[in-house]
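If you're wondering where the values come from, they're calculated on a predicted model, not measured in any experiment. Counting convention: from 1, in listed order, for ligands and their atoms alike.
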Amino acid sequence: MNLALFLDRDGVINVDYNFVHRAEEFVLTDGIVDLLRLAAARNYKAIVVTNQSGIARKIYTMNDFLTLTRYMIAKLEALGAPIAGVYYCPHAPEDGCECRKPQPGMLLQAAHDFQIDLGASWLIGDRPSDIMAAKNAGVPHTILLGEPPSEAEFTAQNIFGTIDIFKKRA
Ligand SMILES: [Mg+2]
Ligand SMILES: [Zn+2]
């Protein structure tokens, strides 16, 4: 069994400018490279789980998303910050799919694909729906970027705060 560090994308990996879909808008958050290097050093697979309703809303295409995903993976890989997998929900909230967070579908699929021990894994997100997806998937260790109180196990002001928590607890 493998361990996972599940990561939301917009607001965690990159700065959330709303419906980011071009490389020019893709700005890494401060500290994310250090966090991903730490995860790799601790033998956690970094797996991105991201709601991308901009596809259903036709703000951008699936191809735009996949092109940006390749860019993200290559950029991070070159910095020694590997991403093992990327899962995305292309649906709109009203579609009622099983993948859009807070549903656990993306995490469950990743667990199947990578033989992840969900009960010993972590998730970092910037919205309550990220934390709920973790809970719904049976991932106990969660960090919400933001202010307490929250449903998350921990909260952190920024990525450096998540590094402190992950370093101590993971
Ligand atoms: Mg987000
Ligand atoms: Zn979906």
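- Expressed to the nearest 0.5 Å, how far CD1 of I116 lies from CG of L3 amounts to 7.5 Å.
- Checking D16 against the Mg ion (ligand 1), every N/O/S atom stays at or beyond the 2.8 Å cut-off.
- Nearest N/O/S atom of D8 with respect to the Mg ion (ligand 1) is recorded as OD2.
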Query raised in the report: D10 and Q52: side-chain hydrogen bond (donor to acceptor under 3.5 Å, both in side chains), yes or no, with the steps?
Result: CA-CA 10 Å; D10 299 297; Q52 292 291 328; 3.3 Å; yes
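- Side chains of E151 and K135 form a contact here, defined as non-hydrogen atoms less than 4.5 Å apart.
- Two residues are said to be in side-chain contact when any heavy atoms from C-beta on lie closer than 4.5 Å; F154 and F166 fail this criterion.
- With hydrogens and angles ignored, the 3.5 Å screen pairs a side-chain donor or acceptor of K101 with a backbone N or O of V49.
- If you look at the Zn ion (ligand 2), the protein N, O or S atoms less than 2.8 Å from it are C89 SG, H91 ND1, C97 SG, C99 SG.
- Inclusion of D126 in the first shell of the Mg ion (ligand 1) is supported: an N, O or S atom falls under 2.8 Å.
- Between I13 and the options I83, D8, V86, a side chain to side chain contact (heavy atoms under 4.5 Å, CB included) holds for only I83.
- The name of the N, O or S atom in D10 nearest to the Mg ion (ligand 1) is O.
- At least one side-chain heavy atom of I55 sits less than 4.5 Å from a side-chain heavy atom of Y60.
- With sequence neighbours left out, the salt bridge (Lys or Arg N to Asp or Glu O under 4.0 Å) criterion links R100 to no other residue.
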